[in-house]
Amino acid sequence: MAHDHNVNPNAPLEYQSEVGRLNITGFWTFLGAEIALFSTLFASYFALQSRVGDGPTSTEMFEAGLVMIMTMLLLTSSFTCGIAIHEMRANNVKGVIIWMIITLILGAGFIGYELYEFVHYVHEGVTLSTSAHWSIFFILLGTHGLHVSIGIGWIILLLIQLARRGLTPKTASKVFISSLYWHFLDVVWIFIFTCVYLMGMVS
């Protein structure tokens with residue numbers, strides 16, 4: 001612990017404890033594994049995207065308006081998450097909580113629209129068993145959606161802890177790590193939006 005007392009007080013709060021710094025470094029390693037996971041799913045999607053069998057194609061099923069709503073919700077949530085970190089750097093607990101709650105609302109909206117999309121496809125007769133294309137589509141987007149849902153639950157627990165304990169090097173590092181996770185999911189969605197939806201609409 002003596003080492004922590006020698007930390008530069010001008011450094012961001014999340015880096016002012018050795019545990020916090022190690023956790024952040026470790027989380028970057030975890031994100032490397034997540035990148036490998038999604039890279040594998042994207043590679044599988046590209047390999048199977050043309051195998052629609054007797055089922056409908058992406059062009060027939062994708063709805064640009066719905067996709068744009070989901071995209072705007074998630075990208076806006078990344079912006080509000082960034083504002084929350086800015087408030088944390090200003091040592092404003094209330095600001096962190098407010099902007100993170102807004103982030104959660106936007107994230108929940110995204111999940112709601114994604115579930116609506118899945119249910120709509122099922123009602124149209126498009127399921128995991130329709131074709132190889134739709135199987136990997138549901139697996140890729142379902143995996144991303146599951147990650148977003150986990151992120152929502154995680155951030156809710158962090159906000160409860162933050163409300164009870166305030167901003168400390170320990171809580172700050174946890175909030176910062178959750179923001180890294182959230183931004184990562186937004187980056188993954190940009191690839192989904194481009195490689196799955198946009199390419200699917202014009203193919």
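Here the CD1 atom belonging to Ile83 is positioned 13.0 Å from the OG atom belonging to Ser179, to the nearest 0.5 angstrom. One distance of note links CG of Asn92 with CG of Leu167; it measures 8.5 Å at 0.5 Å rounding. Here CD1 of Ile97 is found 11.0 Å from CG of Leu158. Values are rounded to the nearest 0.5 Å. To the nearest 0.5 Å, atoms CD1 (Ile24) and CZ (Arg21) are separated by 9.0 Å. Here the CE atom belonging to Met61 is positioned 11.0 Å from the OH atom belonging to Tyr197, to the nearest 0.5 angstrom. Here CG of Leu31 is found 9.0 Å from CG of Leu185. Values are rounded to the nearest 0.5 Å.
Residues Phe46 and Cys195 share a closest heavy-atom pair of CZ-CB, 3.7 Å. Across all non-hydrogen atoms, the minimal contact from Thr80 to Trp99 is O-CB, 3.7 Å. Leu104 and Ile156 get closest at one heavy-atom pair: CD1-CG1, 3.6 Å. Taking every heavy atom of both residues into account, Thr130 and Gly55 meet most closely at CG2-CA, 3.9 Å. Nearest heavy atom pair, residue Ile152 against residue Ala108, reads CD1-N, 3.7 Å. Across every non-hydrogen atom of Cys81 and Met100, the tightest pair is SG-CE, 3.9 Å.
A donor-acceptor pair under 3.5 Å links the side-chain atoms of Thr171 to the main chain of Gly166, judged by distance alone. Checked by atom type and distance alone, the side chain of Ser78 never pairs as donor or acceptor with a backbone atom of Leu75 at under 3.5 Å. Looking only at distances, a side-chain donor or acceptor of Thr59 sits under 3.5 Å from a matching main-chain atom of Gly200. Panel note: side chain Thr76, backbone Leu73; no donor-acceptor pair is recorded below 3.5 Å. With Thr194 contributing its side chain and Phe191 its backbone, the two residues share no donor-acceptor pair below 3.5 Å.
For Arg89, the salt bridge (charged side-chain N to carboxylate O under 4.0 Å, His left out) criterion is met by Glu14, not counting sequence neighbours.
Side-chain contact check for Met201 versus Val67: some heavy-atom pair is nearer than 4.5 Å. Two residues are said to be in side-chain contact when any heavy atoms from C-beta on lie closer than 4.5 Å; Leu128 and Ile139 meet this criterion. Two residues are said to be in side-chain contact when any heavy atoms from C-beta on lie closer than 4.5 Å; Ile69 and Phe110 fail this criterion. Considering only heavy atoms from C-beta on, Trp134 comes within 4.5 Å of Pro56 through its side chain. Val175 has its side chain within reach of Ile85: a pair of non-hydrogen atoms, C-beta onward, lies under 4.5 Å apart. Taking 4.5 Å as the limit, every side-chain heavy atom of Phe193 sits out of range of all side-chain heavy atoms of Met70. Taking 4.5 Å as the limit, some side-chain heavy atom of Phe38 sits within range of a side-chain heavy atom of His144. You'll find the side chain of Thr143 reaches within 4.5 Å of the side chain of Leu37, heavy atoms only.
In this structure, Phe27 has its ring center under 6.0 Å from that of Phe30. Taking the six-membered ring for Trp, Phe118 and Phe138 have ring centres closer than 6.0 Å. In this structure, Phe62 has its ring center under 6.0 Å from that of Phe137.
Note on Ile150: it clusters hydrophobically with Trp182, by side-chain heavy-atom contacts below 4.5 Å among ILVMFWY residues. Note: the hydrophobic cluster containing Leu198 also contains Leu140 (ILVMFWY, side chain heavy atoms under 4.5 Å, direct or indirect links). Taken together through direct or relayed side-chain contacts under 4.5 Å among Ile, Leu, Val, Met, Phe, Trp and Tyr, Leu74 and Tyr116 form part of one hydrophobic cluster. With hydrophobic clusters built from ILVMFWY side chains whose heavy atoms lie under 4.5 angstrom apart, Val52 does not share a cluster with Leu48. No single ILVMFWY cluster, assembled from side-chain heavy atoms under 4.5 Å apart, contains both Ile111 and Val122.
For the residue pair Tyr113 and Glu117, no side-chain donor N or O sits within less than 3.5 Å of a side-chain acceptor on the partner. His133 and Ser50 form no side-chain donor-acceptor contact under 3.5 Å, judged by distance and modelled atom types alone. Defined by atom type and a distance below 3.5 Å, a donor-acceptor pair is missing between the side-chain atoms of Thr103 and Ser77. Side-chain atoms of His147 and Glu34 include a donor-acceptor pair closer than 3.5 Å.
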Walk me through whether Lys94 and Glu87 qualify under side-chain contact (heavy atoms from CB on, under 4.5 Å).
CA-CA 8 Å; Lys94 183 178 179 180; Glu87 294 295 334; over 6 Å; no

Step by step, work out the side-chain contact (heavy atoms from CB on, under 4.5 Å) result for Phe184 and Ile35.
CA-CA 9 Å; Phe184 168 75; Ile35 290 172; 3.6 Å; yes

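Atom NE2 of His86 has 12 or fewer heavy atoms from other residues, nucleotides or ligands within 6.0 Å.
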